[in-house]
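Inspection log for the structure reproduced underneath, given as structure tokens.
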Amino acid sequence: MSGRARRKSGKLSLAQEVRLLRRGRDWRGRAPAPRSAAPWAPEPEASPFPTEWARTPLAIAARKVALDGVLRTLTWTQTRPEIHGADLLEGVEGPVVFVANHASHLDTPLILGSLPVRLRRRVAVAAAADYFFDARWRAVATALAFNAFPIERHGSGGSLDQAAELLQDGWSLLIYPEGTRSQDGWARRFRMGAALLCREQGVPAVPLAVRGTYRAMPRGGMWPKPGRPAVAVRFGSPLAPEPEETTSAFNTRLEDAVGRLWIEHDESWWASLRAPNRRLAPRGPDVAEWRRIWAATRPDRPPRRDIWPR
């Protein structure tokens with residue numbers, strides 16, 4: 001009987017069985033131990049997607065066409081943007097960290113399009129590594145269109161190192177401290193990465209509130225809803241960490257500033273100063289999820305005229 005015939009019949013010579021067992025296999029060619037019993041070995045760390053090329057002169061020129069000529073035009077024609085507080089950026093030279101709530105894919109083109117050109121050209125956007133950089137084609141498109149760099153949402157120090165290097169090179173950053181888009185239109189608690197960067201690098205943060213983008217294009221949507229829904233960006237005054245201020249305290253101050261802008265949009269500048277627990281305002285009512293979504297998608301009241309200076 002040939003070797004092939006013996007294998008088919010399940011009969012192997014003693015020498016053949018010994019050779020298979022030495023290779024970690026039984027007579028059927030299978031491992032004698034389940035995979036779960038194999039010794040644990042740490043998975044090698046994946047190197048971050050390189051984005052330095054997105055800040056070369058050629059890429060900057062291409063981004064000017066992609067962002068100004070396409071994305072900003074589409075955003076401004078498919079929605080009705082309202083920009084408040086842009087005058088507060090007149091003295092901002094950079095680098096700074098723009099800190100905003102996050103509810104929609106509309107947020108980034110809306111914020112970048114709202115910035116003065118001199119600031120817009122020098123902004124890098126922190127984008128989730130596991131979403132925007134999981135596929136090469138999406139990573140290239142995101143880096144080129146928004147000057148984005150990958151940031152880990154699960155506490156990787158390498159992401160903050162890259163962000164710190166960008167600040168040191170004179171680039172401002174746009175960071176969404178919630179770490180992800182809102183699922184119901186309301187904000188979550190801020191993570192402390194942005195506050196830590198500001199404190200360690202000695203740069204100010206510019207708080208801003210984005211409103212209406214969840215209603216215009218909620219999570220899962222790929223195009224704004226018809227009818228040119230109103231969206232708004234409201235900038236606040238730059239905030240710098242105090243010499244003895246902790247990261248947690250500065251992060252709370254950033255949340256409070258975004259909450260004040262949120263209330264100012266809904267009511268008035270005066271009401272935003274008097275409101276208690278302002279940082280909790282963007283987190284929405286403590287009700288059932290369907291009511292939170294309903295509250296986040298109902299039409300805005302007409303904004304009041306700003307009669308008091310900020």
Side-chain angles (χ1 to χ4, degrees), residues 41-72 74-75 94-113 115 119-182 188 190-198 200-201 203 205 210 213 217 219-222:
E43 297 209 6
E45 286 188 21
S47 57
F49 182 83
T51 59
E52 293 81 3
W53 60 269
R55 290 175 283 280
T56 60
L58 182 60
I60 291 173
R63 183 159 51 252
K64 182 178 179 181
V65 175
L67 181 59
D68 294 353
V70 180
L71 293 172
R72 188 177 188 276
L74 285 174
T75 303
V96 298
V97 177
F98 294 97
V99 174
N101 61 294
H102 194 21
S104 170
H105 281 324
L106 274 176
D107 294 342
T108 299
L110 178 63
I111 293 171
L112 294 179
L115 291 172
L119 294 176
R120 185 191 314 161
R121 298 282 184 266
R122 297 290 297 176
V123 174
V125 181
D130 60 335
Y131 184 90
F132 290 100
F133 290 89
D134 62 337
R136 188 171 183 82
W137 67 268
R138 184 159 44 225
V140 171
T142 304
L144 180 62
F146 299 114
N147 189 20
F149 65 96
I151 190 164
E152 296 291 343
R153 295 191 278 192
H154 306 293
S156 172
S159 300
L160 290 182
D161 291 342
Q162 186 175 4
E165 290 175 4
L166 288 168
L167 289 171
Q168 293 164 10
D169 290 340
W171 291 91
S172 294
L173 304 181
L174 170 58
I175 295 180
Y176 300 110
E178 297 167 73
T180 186
R181 285 171 296 154
S182 172
R188 297 183 179 185
F190 283 5
R191 300 182 182 183
M192 289 194 284
L196 180 63
L197 280 171
C198 291
E200 291 191 344
Q201 300 302 316
V203 299
V210 183
T213 54
M217 195 174 81
R219 188 166 182 155
M222 299 303 295

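All values below were derived from every heavy atom in this structure, side-chain atoms included, with hydrogens, water molecules and symmetry-related copies excluded.
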Check: Does any donor atom in the side chain of Thr180 or Tyr131 lie under 3.5 Å from an acceptor atom in the other side chain?
Finding: no
Closest heavy-atom pair and its distance - [X], [Y]:
X      : Y      : value
Arg121 : Lys64  : NH2-CE, 3.4 Å
Gln162 : Pro150 : OE1-O, 4.0 Å
Val123 : Leu173 : CG1-C, 4.3 Å
Glu178 : Ala100 : OE2-O, 4.4 Å
Asn147 : Ala54  : OD1-O, 4.0 Å
Ala205 : Val99  : CB-CG2, 4.3 Å

Spacing of [atom1] belonging to [X] relative to [atom2] belonging to [Y], to within rounding of 0.5 Å:
X      : Y      : atom1 : atom2 : result
Gln201 : Leu167 : CD    : CG    : 6.0 Å
Asn101 : Arg188 : CG    : CZ    : 13.0 Å
Ile60  : Leu67  : CD1   : CG    : 12.5 Å
Leu174 : Phe146 : CG    : CZ    : 10.5 Å

Check: Can you find a pair of side-chain heavy atoms, one from Leu197 and one from Ile175, that are under 4.5 Å apart?
Finding: yes
Any donor-acceptor pair under 3.5 Å linking the side chain of [X] with the backbone of [Y]?
X      : Y      : answer
Arg191 : Gly179 : no
Thr75  : Leu110 : no
Arg63  : Leu144 : yes
Arg122 : Ser172 : no
Thr56  : Trp53  : yes
Arg72  : Gly113 : yes

Check: Among Trp137, Phe133, Phe132, whose ring-ring contact (aromatic ring centres under 6.0 Å, His included) with Phe49 holds?
Finding: Phe133
Check: Is it true that Asp169 and Arg55 make a salt bridge, defined as a side-chain N closer than 4.0 Å to a carboxylate O?
Finding: no
Item checked: Derivation and outcome, side-chain contact (heavy atoms from CB on, under 4.5 Å), residues Ile111 and Tyr176 -> CA-CA 12 Å; Ile111 293 171; Tyr176 300 110; 3.8 Å; yes
